[in-house]
Structure formats: structure tokens, C-alpha cells
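Reckoned from all heavy atoms, side chains included, excluding hydrogens, waters and symmetry mates.
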Amino acid sequence: MASNQILKELQWALQAIKSEALNLHSISFYLSQPTSGCCQETDNSITINISKENLPFFSHLLTTLAAPISSKSSLRNLEFHRVEWDSQQVRNLGILLGNNQNIQQVVFRRNRFNGKSLSDLSDILKANKVIKEIMLSESGIGSVGAGLIASSLVVNDSLEELQIWEDSIGSRGAEELSKMIEVNSTLKLLTIFDSNAITATPLISAVLARNRRIEVHVWSGENGERSSKVVEFVPENSTLRIYKLNLSGACRVTCSLGMNFTVKLLDMTGVKLKSRCAKEFRWVLEQNQTLKEVNLSRTCLKDKGIVYVAAGLFKNRSLQTLHLTGNWFNGIGVEHLLCPLSRFSALQMQANTTLTCVTFGGGRTRIGRDGLAAIIQFLITNETLRKLGIHDDESLRSDDFIKIFKSLEKNASLKCLSLQGCKYMEGDILLHTIMETLQINPWIEDIDLSRTPLHNSGKTREISQRLGQSEKTEPEMDLVKDMPLTEPKSCRVFFCGQECAGKTTLCHSISQNFAASALPYMDQVRTIVNPVEQAVKTVGMKIKTFKDEDTRISIWNLAGQHEFLSLHDLMFPGHGSASFFIIISSLFRKPSNKEPKSSTEIEEDLQYWLRFIVSNSKRAIQQCMLPSVAVVLTHFDKINLPSQNLQHTVDSIQRLRDKFQGFVDFYPTVFTVDARSSASVSKLTHHIRKTSKTILQRVPRIYQLCNDLIQILSDWRSENYNKPAMKWKEFGELCQVKVPPLRIRSRHDNKEKVEMKRKTIATCLHHIGEVIYFDELGFLILDCEWFCGEALGQLIKLNYRKQHSSENNGFISRKELEKILRGSLQSPIPGMGSKVFENLDASDLVRMMLKLELCYEQDPSDPNSLVLIPSILEEGRGKPQKWQLSMPESIYAGRHLECDDSSHMFLTTGFFPRLQVLLHNRIKALKDQHGATYSLEKYLISISINGIYIRVELGGQLGYYIDVLACSTKNLTETLRVLNQLIIPTIQSVCHGITLTENVIRPECVRNLTPPRYRKTQFASLHQLKQALLSLPADSMYDYQHTWSPVLDSGKPILQDGFDFARDLLSDDDFREVLHRRYHDLHNLAQELQVPPENNPEAQGQSITVSDEAAKVEPTFGGIAKGVEAVLQRLKIIEQEIRDLKQEIQGLRYYEHRLLLELHRTVNHLATFNVQVEERKVPNMIYFVKTENYTRRLVTTMLSGMNALRLHMLCEFRGQMHVVEDQMGCEIMQVDNAAVKSLAPYMKKFMTLVTLALKIGAHLAAGMGQMIPDLSKEVAHLAGSSVLYGAAGATAAGVVGAAAMGRRNRSMEGSRDIQQDLRAAQQWVVDFLRERRCSSGKDIAEKFGLWRVRYRDNGQIAWICRRHIYARSAEIIEVPI
């Protein structure tokens, strides 16, 4: 009965499997069970138990399962327990797995396989593409089975998990699996539980070496011991933990990490390592680029092993955390470990900059004296470590920890210091030291003192409180404004002069006068002999400093050699610096002979330095005082008798004093000295003392901290072997330790503001001459004489051209420049060559050269940018010059840009190289370069862009102008657009503080490339050329000719006289600018005259539009703005309608002619208007002139209190009103209120008409043009020009504003009759002339050159000049009074 029941259950299971009614996901087979049966565990899983008696039924079930079934079968998992597989059963299993494409997991627990069945299973796995997971637990597959499975997985690309539990596959099986890992890329999980830990080595080594992202877990349980984990690799968090490996295994695994990029955290805690393994680990550190954290705690490493680890750190660029706690090394190991993290000189770079956390220590670690020294050096110099741990140390004493905390005062990178468990962390002195350190160093966030005597005694609470205070932000304050000020105590004297002028000898003699009494007798004798030794000229800049009471005076001897002139701009004192200048010139050409200089030579010498001083002082943001200058003439002892030449020299110096008045403060006395004699220079010494004190009182006060820092910096140099240079980081550390006001008090402070405060103080020290500091360089020069003499002297003298070809237009890479510097300034013999590299490295020198403008960066934003060295460029002025393109149809254009005040200023030495680089960058940055080319010479830039060839030349002996020449097959407008939009704006942007005026160069000079010496008179002012066009009637504008004078050289003609049309000198854009200005002026005139719209169809739309738009203007500021917009819109419409310049001029002629007729009618009405004021006994047309700086300016606004005016009168002949030449006029001492009341309305109306007439070129007031200001600007100002933009807006504001204001005034005050204005003005003139006894016709003729006449045709009275009396005698009759 029982057997029937069992059979029924098995049959039911078989039927359920066939029918798929249960939707089974999992089937478990348990063989060799006490009884057979079937049990449904869940809705989707069943368990089938088969006893030994029913074993054949298992084969039948496999056969049934293997039969083809629906592809929709839900079976996922198969599990076999205690199955002893034969070959047929394995084949059936293979058919089952082949027909069912959904089975993903197969588990074998305590199964047994023979050799054939294992081979068949291997073949099944090779062919199967579905199974994801296979587990073999206690199945005794051994090394052979492991090898067969490995061979199948070499081919299989679907299996993701392989687990072999409680089996002994041995090292051979592990090796086979490792070979599979090298090939298989789909396996994701490998779990091995073996009896021997040795199996882990090949497996994990293969995973790491091939960078497989396979999760690996290897366990072992040897000799019946409790199972333990051997190795674990989890790719999700890139962690590799090794718990137990023998030495060879550890070495092999370590080697596999060399080129690995999947492991970021390596933990080998407790694995016993020896130096051999550490040696391999050194190679890993050098090669691996992804390892972030390594834990080698309790690995028994000794000094030799630590040396290998430290050696790897020198090249490692990825490791961030290293734990070495509990090892067995001593002080030597500590010294080597910290070596790559330390610096041992100012120029040395820290070898490892990525490691941020290091811990070491332990009972068997003996740090000792060597280790302590290494720790202190590390803490002082390291810039990257964030956490340092020294744990459970028993070798360091309390005094040693005090030294450690003292060294932390200069460390700004360490955030956390852990000293937990250190035995001798005790004592109040140590606690006090810790508190002092935290007062200075706010960057420390945590100090871990757990398990130390200080912690156990409860004394660490104060430390915690202080650390909490460092987290709080200090109250904000105006860091710069709140610093106290004081009077400076240092003054600089700049000795300027050409070479061999005697500057060095003079400086030496002056220093004797300052300190003669303090010198011993033998030193005084030696100083008398010394000038003989100084016959060799001084090379480079020299600085001499001495004290006068509490004042420090330093003499800066600027080198006179030509190659040093480029440095003078940089040495020029900044704004507010206490300094003055002594210009020294020798009376003789050479000190060795008696050939005197001419007065012209001396004048040119002095003028160069005066222009240098003025040009650089103009570049300053503002001047608190004029530069103080005194002149010294040396070698006066060689002049026996006063000569005529000496008198000429004195006169020329007087001329220079007058010329530069208002630019420099010129000392009236010229010192003539024998530079070798202390007695001869005593007056000059007194002048230096006196002037220094005066200037120190006049210059702005400096920060008190500057005076304090001078002594602090001096002490720092004494403590640091008299170093001449100081890194900015060292300056910051010094401020943090020694200068509380410049200290960062909390780590949450605004560090940028404190840094700005430090930079402000450093800049102030630079301005007063105590240090040389530039923000871009990153260091301070404390020894200015060393810097100017040795460093700059050698940089200037380097011959770059010998070491570099100029194929790349003078541009070389930074690396190549650094190589040249090293090769030139370093000597292979120790102790020989330059000492510059003892204090500065090559990159510092390159940055210095960039700042000093010895070279120029092509792209400042690119660290690998090419640099331009001007000294590489060749001089091309002696070569024949010609255009690359010269065709008959080519057009030529040129612009001459000259310093607005070239007699007092010039373009300094660094200007042209800066322009060469900037122009190069601008052209390379163009979106469409059109194959642009760019080549350089020392004083020339040659550019070819889009078929236009351009030459930019630096001209003048002192470089006071730039010539831009162009040759092109394009039209003139296109050519000039390139100059006006690209070349000239770039030039203007480089001229800081200097205004350049633009002139037009004669085209013939451009075509023939006439040498600059012949072009001096062959250019015309662009502004004056446009003004000339504006003064012409419209009929003459297009055909205006500019004439050129001839050029002769020793009587030989170089250039003939000639002319060019304005249309060949100016672009269409320039012409349109002139025409638009004329349209504005005409529109303004139309508004004033209130001209009605014309019925002419062509002009009707234009006139009506203007009138209509003007009518919309309201007498308010908003209305004015709307009116401006309307006028500008109208101008745009006009511009769109114009197709050609000639067409535009034709339209202008009609508009102008119509307005001129109305203007003549109005002016004639004014001139002949008779209000019966004593029957026109005085002229009507009066105007006032004020003389300013030898020029006459027309007075357009009458204000009470004005003085020194002259009254003039115009010739009133109808249609030809003009200024009378050589008119004496009548002086008005002061304008009173009555005069203002009488004349103001007349001035406003009449002067506006006169000005408008002049602006449109109407010859109504000939001769007055130079006196007329631009009234439109004044009207625009009255109308509130803040709402307007641009020149066009300002002009339009004059148009609309005048109309709007006129309407507003009329609406408020009523219509004021012009007759009343004329009557009041005429009455004032009559009364004024009567007071001056100038009321008769004879008196008026004498003072004003006007005679009273009557027109024959209409009988009207007018006052006209003598020329019109003779020329128009038939039209007039004299009517004398």
C-alpha cells in the first residue's frame, strides 16, 4: 500500500512537470533518502525525494524533463542533492538544459562525479548560453574537476557566478581557474571555500592582473581549524582586503597590483610582510595610478621595508592615505617615510603632493632623535598633508612634543593631529605650548589626545574650547581702512643719466658725506683712492642706502646702458612714493678725454630723462605731487675757464625748465660738481637731505605696519642666511607668526580679505622702496641691490639670439626659455657661475621676465603659451623696403599716430613689444583669418590679411609716433576699415595714460615706402581734414583737395609738391560721418528758423517728417528723449535711402541752399533792424571774446562777474557778414547784472544763429570759426543729456533740446519779442560806448574798423568794413555821424 502511494506521488510529480500546470520555478532532487515522495514547498517549487530503491525513477524524471516542452516554461532553478552521476544522466541533464532556455541556476550539493561525467558536464557548460549560476558544494571535484570547469568557462560567455564550497581544488585547480579568469570577461562572482589558503593567491592575482571586475571571496579552514576568510575583493567599492597569505602569496598579489585600476583601497592589516614584499610594493606605488588608500598596519615592517615604501612614494601620484601603525621600524624608517613629503630648501619641490593622511607608531616603533628631526622638518615644509597620526608612542618625551607643536605654527595644511595613546603627552608646559600654537595656527580642526596622560587628567578641555573658537568666524571689519597710518621714513633718490656720466662715483662721494665722521682714518684714506678703481663703468643698477637721523635714504643708480633702459619703466616709483630724481649729465663726451659736449647734446640728454619721468608719471592713476627733479653736471673740474659753451648749456637748461613747467617740479639750481670730491658734492648732499625730509612730509602717509615689517623682514633675513628673496608663502607664514594684525584668526575667516591685506602691505613696502614685490611673481625681493644688480643684470646680458633661431618670429616656448636660462646661468662646476638659482628657480625667472617686460606672453590664460623675446628680433631698418604686392590698381593708405604732447612724453621702451604680442593675439583670434600672416622685426610688424598688406612701424628717435601703412587691391573704405577696427584700436589700448592723435599720411609716401625722416611733413590731421570739409559748402565737399609741400634733402628733391582729393584720403565711413554732422546742423538750423515744409516732392517727405517729429516733442526731459529717438530714427531712414555719396551730397545741396536763403534773410533782418535807438548810431552785430592762453574764444553765455572780455563788432554788409581783421575792439573790465539782463537774450538767439551758420559752412561770419565753441553740447547739457547715448545723441539733444526748451520758456513766460531783445542790447551798446567815449563815427572806425552807410535801393542803415566800402561803392552811400 505504501509503495503504491509513493508511486502515485512520483507519477503526480511527473504529470505536473509535463502539464506545466503548477508553473514551477524551482525543482529540488534529494537522492538516497529513506523514503521516496514529492512535496510542494511553495506555489512554484517542489521537492522530490528518491530512495535508493527508486533510483531508476530519477533517470526517468530527467528523461521526461529533457523532452521538448513549451518555450514558455517557467522553470528557473534546479538543485541536486547526493546524486551520483553517470554519463547517461549527465547527458539527459544536458538535453534538459538545452531544451529549457529559462533555467539560470544549477546547484550540486554532495554530488559525486566520475571522470566521464565531469567531462560531459564540462561539455554541457561549453554549449549552454543561459545558465547564470553554478554552485558545487562538497562534491569532491578536486583539481581535475576544477580544471574541466575552468576549460568550459573559457568558452562560456553567460555564466556570472561560480561557487565551489567545502572542496579541495588545490593549487593546480586554482591555477586552472586563474587561466580561465584571464580569458573570461562575464564572470561576476567567484566564491571558493578550500582547505588550503594557498588557492587564493592565483585566483586573486589573475583578477587583479587582468582588471576583472569579479567579486572574489576565498575562505579556508586548514587542519580542522575554524574557517576564516583569506581574501576578499569587492569591485563595487574597489576594496581589496587580504586577511591571511604566506610571504610568496603576498608578493604575488602585490605584483599584480602594479598595472591594476580596479582597486582603490588595499587593506593588508595583520599580514606578515618582509622587505622582499615591500620591495615589490615600491614598484606598485610607482606604477599604480588608482590606489587611494593602503593599510599596512601590524605587518611587521622594519626600517628596510619602510625605505622601500618611501621610495615608491616619490613617484606615486594617486595614494591619499597610508597607515603604518604597529610596525617595527625606528627613526631611520621615519626619516625615509617623511622624506618625500618634506622640502629641504626653498627651491626644492615637495616630491609627493597627493598623500593627505599618514599614521604610524606603536609600542615597537622607536622614533628617536632622527625621527623627531624628520617630523619637525616635515611639519614646517609640508603643504599637502591633512592628517598625521602618531599612535601609542613610548619613545618621544614631553619636550619632543613641545617641539612638534612649535613647528605647527608655520603649517597651514594640517587639519587633524592624532597622538592617541602616546605615553609622555603630559605637563602644563606642553599644554601651554599647544594653546599658543592654536592661537597662531587656526587651520587645525582636531587634536586627538585620547588615552594620553593629558586626556586622562581632564586637561584637554581647554584645547577643545580653543578648537571650537577657531570654528567661529571673527567679526568682519574693513581690513585695509582700519589699519593705522604714519609718516614714511624711507625716501628714494633716482640717479638718472647716460653711461659714463659719473653716477656711481657721485653716489660714492655722497655716501662719504653722510658717514665720513663715523669712518676710521684708514677707511677715509681708502675712499679717496676708491674713485680711481671706479674708472671701469658700472654695469647694471646699483642701490646705496644710508641713514640720516631717523630717515633712510636710498640712492637708486639707474643703469645708463641702452640694454637696461627697458627696466626703467618698472623701477619707476608708484603713486604716493617718497622719491625724487637727480638727472646727471657729463660736460664731456668721454671721461678719458677733454672733448666737451655741446649744449645741444646735453639738452637732448636731459630731455630724454625728463620725458621719461613725465611719461611714466602720466601712467600713474593719480599724482599727489609733481615729480621733483634736479640737474647735476659732472666733470666740472676739467673746465679751467668759463666758456661760451657753458653759458649756452645753462641757457638750454633754462629753456627746458620753462618747457617742463607744470609737468615736473624743477629745482632752480643746477649743480656743477667734481663727482670724485666729497667737498664738491656737499651742496648736492645737503639738497638730498633737505628734499628727502620735505617730500616725506608731503607724500601720503603709509601704514604703520610697514615700518614694523621692515625690522621683522630684516630679522628674518638674519635667521635665514641673509636670503635676498622670499616666497609669498614664507611671507604669509611670517605674518601669521609675527604680525598679529595680519594673522588669520579663525579657519572660517575671510581668507581672501586677509590675503588682500597682506598684499596691500607688501605693495606699500614696494612703493616706498623697501622690497620689490609684484603680485604675479609669488615672491618678494628683500635685497633690491642683489635683484637689480645680479639677477636683472645677468638676465639683460643674456644673448638669446645665439641660442635660438628667429624662425618663429621671436616666439619660443616657456620650457625652451627655461632651458636657455639654466644653461646660461648655471655652471656644471660647483661654486662657479651665477648664484641666482640659489634663490629663484627657472620658472620664477620666466615670470620675472614677463613682469619686467623682458619677454611677453602670447596667451596669459595658457600656462604653455609661447613667449616673445624682443632681443631675438632682428633690426630691419637698414634693409631695402618694398611692398609684397605692388600692382597698378593697388591703393595705398596710411595713418600717423603721434603722442598728443610729444614734446613732453614718448612711448616707453616696453610699448612696441607689448603691441607686437597683442596685435598677434588679436589677429589669431579672428574668426575668419583669411590666411592671415604675421611677421616681426625689432621696430616693425608686417601683416597680411584678406589681401590687405599692413606695416606698423615705430618711429622717432624716442618712439613718440606709430605709422600704419597699408597696400591693398580692395577699395579704400575696406582697407581703412581694417585699420580703424583692428589695428588702431589695438594700438590705442596699449597706450596707457598717453593720447595719440590720428593723422593721414600722403599716399605717395605709402606707395614708395618713403623713409620716415622724409615723411615728417607729409601728413595731415584727420580731425582738421574733417573740419575743413565741414566748413565748405555742399558743392565743394566731394572735390576738396589737400595740398602737400615738397621735400628736399640737401637741395635734392625727394618728393614734389602735389595734392590729393579728400575722397582719396578718407573712407566712405569718414565722409558719411561728416555728412551726418552736416545734416544735424542743418536740422538744428531749420528748427531755429522755424522753416515750414517745402512743397518740393523730393524734399517734402523729409521736411514734413522732421517737422512732424519735432512737433511731438514735449517740453519735458522725457519729451526730449523721445525727440532724440525720433531724430535718430529719421537719420537711419536717410542713410537707408542713400545709395551713393554723390547722391547724398546732391540731396544735401538742396536742403542747405533752402536753409541758407532763410538764414541770410533772418540775419540781414537783424543787421538792418532799426528800432530808432538814436538812428542806428552804433552797429548791431556785436560779439564778445575772451583771451585764454594766447588764443581767443567766443563768449556764448553772459554771466555776472565775468572779466577781461573784449567787445567786437561784425561787418554788417548784407549776405556777407564777417569778422573784421585786426579789429582793436573795446575792453570790458567786468560784467555786471545790468549787462547780463540786457545782453543775455541777444547772446542766446544771435550767437546760436552765428554758430549754426559756421557749422554748416555758411560764410556769414568769416574769420570767427576758430573762436566758436560747439553750442550743441551746451544745449544738450541744459536739456539733460544723461538720457542720451553717443555723440549722435548729444548732437541731436542740441537740436531737439533747444526747440523743447524754447517752447517751454514760451509757454511759461509768454512770447518774448525779438525786437525787445534787440532794443535792450542796442541800448546797452550805446550806453557802453558813450561811457568809453567812443560814440562818434571816427571813434567807431578807429576801434572797430566800421563805417556807417546807407543802401541806395532800400535806404536801410548798416555798418560795414573798408573793403566793402570800396568793393560795393555803387550800392551804398556813406552817412557819417
Side-chain angles (χ1 to χ4, degrees), residues 1-114 116-118 120-121 124-125 128 130-141 161 163-167:
M1 186 68 184
S3 61
N4 290 336
Q5 182 64 30
I6 291 171
L7 185 61
K8 283 183 179 180
E9 289 184 4
L10 293 178
Q11 289 292 342
W12 174 82
L14 183 62
Q15 188 62 34
I17 293 171
K18 285 182 179 181
S19 66
E20 303 179 11
L22 297 180
N23 192 25
L24 293 176
H25 289 177
S26 178
I27 301 177
S28 301
F29 295 95
Y30 286 81
L31 274 64
S32 301
Q33 296 298 310
T35 60
S36 299
C38 180
C39 175
Q40 186 172 352
E41 300 287 342
T42 65
D43 292 341
N44 305 111
S45 64
I46 62 172
T47 300
I48 299 175
N49 297 321
I50 300 176
S51 64
K52 291 183 180 180
E53 293 80 11
N54 300 117
L55 284 179
F57 197 79
F58 172 67
S59 300
H60 182 62
L61 284 172
L62 280 180
T63 304
T64 303
L65 285 171
I69 58 176
S70 171
S71 59
K72 297 182 179 179
S73 173
S74 59
L75 190 60
R76 300 285 185 270
N77 305 320
L78 290 175
E79 188 170 346
F80 302 96
H81 292 255
R82 296 180 177 273
V83 179
E84 296 183 4
W85 295 90
D86 59 24
S87 181
Q88 182 59 45
Q89 290 173 333
V90 173
R91 283 196 294 272
N92 289 338
L93 176 62
I95 296 171
L96 166 62
L97 296 176
N99 291 335
N100 194 319
Q101 297 298 311
N102 295 317
I103 297 177
Q104 296 185 354
Q105 182 186 46
V106 180
V107 178
F108 302 95
R109 298 184 187 275
R110 297 186 178 184
N111 286 232
R112 289 293 180 266
F113 297 90
N114 58 29
K116 185 68 172 69
S117 61
L118 277 175
D120 292 339
L121 180 62
I124 292 171
L125 291 177
N128 189 280
V130 179
I131 296 177
K132 301 295 184 183
E133 178 182 352
I134 288 182
M135 176 188 289
L136 294 161
S137 177
E138 302 178 73
S139 297
I141 62 173
E161 296 184 16
Q163 300 183 48
I164 302 176
W165 289 86
E166 303 288 343
D167 207 336

Side chains of [X] and [Y]: is there a donor and an acceptor less than 3.5 Å apart?
{"X": "T35", "Y": "S51", "value": "no"}
{"X": "S117", "Y": "N114", "value": "yes"}
{"X": "S137", "Y": "E166", "value": "no"}

F80 and L93: CA distance, side-chain angles, deciding distance, side-chain contact (heavy atoms from CB on, under 4.5 Å) verdict: CA-CA 11 Å; F80 302 96; L93 176 62; 3.8 Å; yes
Parallel, tilted or perpendicular: rings of F108 and F113 (30°, 60°):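 Rings of F113 and F108: perpendicular, as their planes differ by over 60°.
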Salt bridge (Lys or Arg N to Asp or Glu O under 4.0 Å) contacts touching residues 86-113 (sequence neighbours left out): E79-R109, R110-E138
CG-CZ distance between N49 and R82, expressed to the nearest 0.5 angstrom: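 Taking CG in N49 and CZ in R82, the distance rounds to 12.0 Å.
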Looking at every non-hydrogen atom in both residues, tell me the closest pair between [X] and [Y] and how far apart they are.
{"X": "C38", "Y": "I48", "result": "SG-CG1, 4.3 Å"}
{"X": "N102", "Y": "N100", "result": "N-OD1, 3.0 Å"}
{"X": "I124", "Y": "L97", "result": "CG2-CD1, 3.9 Å"}
{"X": "K52", "Y": "S32", "result": "CG-CA, 4.0 Å"}

Donor-acceptor contact below 3.5 Å, side chain Q33 vs main chain L31: yes
Partner residues of Y30 under the ring pair (Phe, Tyr, Trp, His ring centres under 6.0 Å) criterion, sequence neighbours left out: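 So Y30 forms a ring pair (Phe, Tyr, Trp, His ring centres under 6.0 Å) with H81.
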